[in-house]
There are 2 protein chains.
Amino acid sequence: MVLVAETTSLNSILERVARADTLTDMQQEIERLRDHFGVDHIVYHWVSSDGEQYGCGTYPMTWVERYLEKNYLRIDPVVLGCYQRFHPVDWKRLDWSGKAARNFLADAIEHGVGNQGFSVPIRGPNGQYALFSLSHNSDDDTWADFTASHHRDLIMAAHAFNQRALELEPGRAQETAQALSPREVDAMTLLALGYSRAQVANSLSISEHTLRVYIESARHKLGALNTIHAVARALSRGLIVI
Amino acid sequence: MVLVAETTSLNSILERVARADTLTDMQQEIERLRDHFGVDHIVYHWVSSDGEQYGCGTYPMTWVERYLEKNYLRIDPVVLGCYQRFHPVDWKRLDWSGKAARNFLADAIEHGVGNQGFSVPIRGPNGQYALFSLSHNSDDDTWADFTASHHRDLIMAAHAFNQRALELEPGRAQETAQALSPREVDAMTLLALGYSRAQVANSLSISEHTLRVYIESARHKLGALNTIHAVARALSRGLIVI
DNA sequence: TTTGCACTCCCCATAAATAGCGGGTTTTGC
DNA sequence: GCAAAACCCGCTATTTATGGGGAGTGCAAA
């Protein structure tokens with residue numbers, strides 16, 4: 001077990017990440033990064049604004065397939081926990097109570113994921129949510145020393161992957177374009193706060209019919225199927241804040 | 001004009017930021033950081049989950065007051081532009097067309113803000129949105145050299161402020177998000193994805209009435225007034241991911 | 001200056017969600 | 001083992017949202 005990082009090569013790896021043209025290139029760099037840090041696994045995966053999942057990393061293919069097949073995204077305490085957090089977190093500090101979480105953990109370790117882990121969450125303007133994770137097999141103290149001494153390197157690495165991944169993400173151009181008008185933002189915000197249509201119309205001092213026009217135009221701009229969908233998209237894209 | 005950064009002292013500043021107990025402490029460190037980078041101004045400001053604004057920085061008090069008084073937050077292309085972005089951006093690359101934006105720029109420069117600028121946006125799980133900005137008076141080339149060579153330091157500094165600011169934010173502790181049951185999570189998620197109740201019930205292979213029970217229990221747990229409200233809260237509390 | 005966009009208002013018919021009542025089984029945690 | 005919580009289903013009635021039409025103003029940029 002080697003837990004040594006040579007900062008000399010980190011910069012060169014991150015520079016290559018910044019110039020990566022494909023996911024395959026990033027995959028290669030993530031393997032270099034794993035060797036650099038001397039950990040068992042590194043994974044970078046993210047959820048785009050349209051809910052699509054992307055990722056690259058060094059987990060065994062069997063685990064990746066199982067993860068997708070079992071839809072572990074909705075169970076994985078790392079994903080769910082980091083979604084509520086701002087800064088990097090050690091997996092030990094997440095909530096592993098609950099049967100589903102414990103089963104997931106057992107399954108993960110069985111498939112080669114380490115017993116220790118550390119994740120850096122980053123989120124973007126349109127609900128993009130990315131996670132840069134390291135996983136390793138070691139005792140608690142060794143792991144604590146490692147994460148403490150490489151905290152900054154890990155943040156920088158996460159940022160590098162993140163920046164490039166977002167640039168490589170397909171269909172980014174037309175999604176950011178669809179902003180909402182001020183009135184539409186008002187309407188979506190008040191709906192998200194639990195007001196009924198009548199209350200929203202009253203709050204905005206407009207007729208309920210006018211309000212409906214805003215809701216519908218917001219729906220169309222957001223490509224939403226109904227009001228709940230529209231509010232959810234506006235929220236997760238950061239167009240409204242509640 | 002000095003644009004030299006000694007990396008030896010950056011770490012010590014950021015470590016003091018990480019241990020800062022109050023906004024005043026952070027204010028002190030931000031001044032040290034300004035001297036370290038040799039720029040005219042550094043500002044860190046953020047919008048919390050309840051919409052409150054906080055900030056600290058080296059701008060003249062007259063400008064801060066004018067900014068708040070004129071409600072420039074809704075005009076400032078730096079704030080608006082970075083809200084739509086993921087990674088650090090030079091102010092020159094933002095959209096300064098539009099009368100309001102140009103007036104704002106003139107007003108800002110008149111109050112001592114530099115003609116150059118660079119901002120690092122970061123956002124958090126509950127709609128928090130933070131901006132770490134540097135401003136300086138210089139020509140384009142000098143500024144481009146500075147930002148290029150200190151790109152990583154700036155990201156690290158932004159992260160350091162960000163992490164501490166979020167920890168210092170009041171009212172974070174009592175945000176004990178009551179968890180939803182797996183079925184409630186399913187229901188909320190599918191609703192957020194735009195499915196109607198009939199479609200959700202069909203997807204989950206349960207009766208529409210049973211689905212209704214889940215939606216209502218989720219509503220009660222979330223203290224929501226209606227379904228839209230419940231979905232919005234579940235989303236913004238990170239209980240569901242779409 | 002003309003084109004676009006944001007903003008405001010109105011009707012009608014149908015689809016969907018909400019509110020209230022009732023009944024039951026299976027899992028999970030202490 | 002027991003209690004609590006999660007899981008599942010039925011009914012009726014009312015309120016609310018949605019979908020499809022309309023029309024007209026004003027502002028600002030191309």
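Below, read A as the first sequence line, B as the second, and so on, with proteins coming before strands; counting in each chain starts at 1.
Side-chain contact, A:Asp186 with A:Tyr214: no donor N or O sits under 3.5 Å from an acceptor N or O. For B:Thr142 and B:Asp139, the side-chain atoms include at least one donor-acceptor pair closer than 3.5 Å. For B:Ser135 and B:Gln116, the side-chain atoms include no donor-acceptor pair closer than 3.5 Å. If you check the side chains of B:His111 and B:Thr62, you find no donor sitting under 3.5 Å from an acceptor. With hydrogens and angles left out, the side-chain atoms of B:Tyr72 and B:Asp107 include a donor and acceptor closer than 3.5 Å. At a cut-off of 3.5 Å, with distance as the only test, a side-chain donor of A:Asp90 or A:Trp143 sits close to an acceptor on the other residue.
One can place CG of A:Leu180 at 10 Å from P of C:dA6, the figure rounded to the nearest angstrom. Atom CD1 of B:Ile215 is separated from atom C1' of D:dC7 by 15 Å (rounded to the nearest Å). The distance between atom NE2 of B:His229 and atom C1' of D:dT16, rounded to the nearest whole Å, is 18 Å. Summarising the geometry, the separation between CG on A:Asp186 and P on C:dA6 is reported as 14 Å, rounded to the nearest angstrom. A straight line from CG of B:Leu225 to P of D:dT16 spans 13 Å, rounded to a whole angstrom. One interatomic measurement links the two molecules: CD of A:Glu216 to C1' of D:dA17, which rounds to 10 Å at whole-angstrom precision. Taking atom NE2 of residue A:His220 and atom C1' of nucleotide D:dT18, one finds them 11 Å apart after rounding to whole Å. When rounded to the nearest whole Å, the span between CZ of B:Arg183 and C1' of D:dC8 equals 10 Å.
Residues from residues 193-213 of chain A placing a heavy atom under 4.0 Å of any atom in DNA chain C, listed by number, are A:Ile206, A:Ser207, A:His209, A:Thr210, A:Arg212, A:Val213.
Heavy atoms of A:Ser217 sit nowhere under 4.0 angstrom from any nucleic acid atom.
At the phosphate of D:dT18, OP1 or OP2 sits under 4.0 Å from a side-chain N or O atom of A:Thr227. Taking only side-chain nitrogens and oxygens, A:Lys221 never comes nearer than 4.0 Å to OP1 or OP2 of C:dC5. Contact check, B:Arg219 against C:dA19: a side-chain N or O comes under 4.0 Å of OP1 or OP2.
Applying the side chain to side chain contact (heavy atoms under 4.5 Å, CB included) test to B:Ser196 and every residue at least two apart in sequence or in another chain returns B:Ala198, B:Gln199.
To the nearest 0.5 Å, the span separating CH2 on B:Trp91 from OG on B:Ser119 amounts to 5.5 Å.
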For nucleotides 28-30 of chain C, which of its nitrogen or oxygen atoms have a protein nitrogen or oxygen under 3.5 Å away, and what is each distance?
residue	atom	partner	partner atom	Å
C:dT28	OP1	A:Lys99	NZ	2.9
C:dT28	OP2	A:Lys99	NZ	2.8

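In terms of heavy atoms, B:Phe118 sits closest to B:His151 at CZ-CD2, 3.9 Å.
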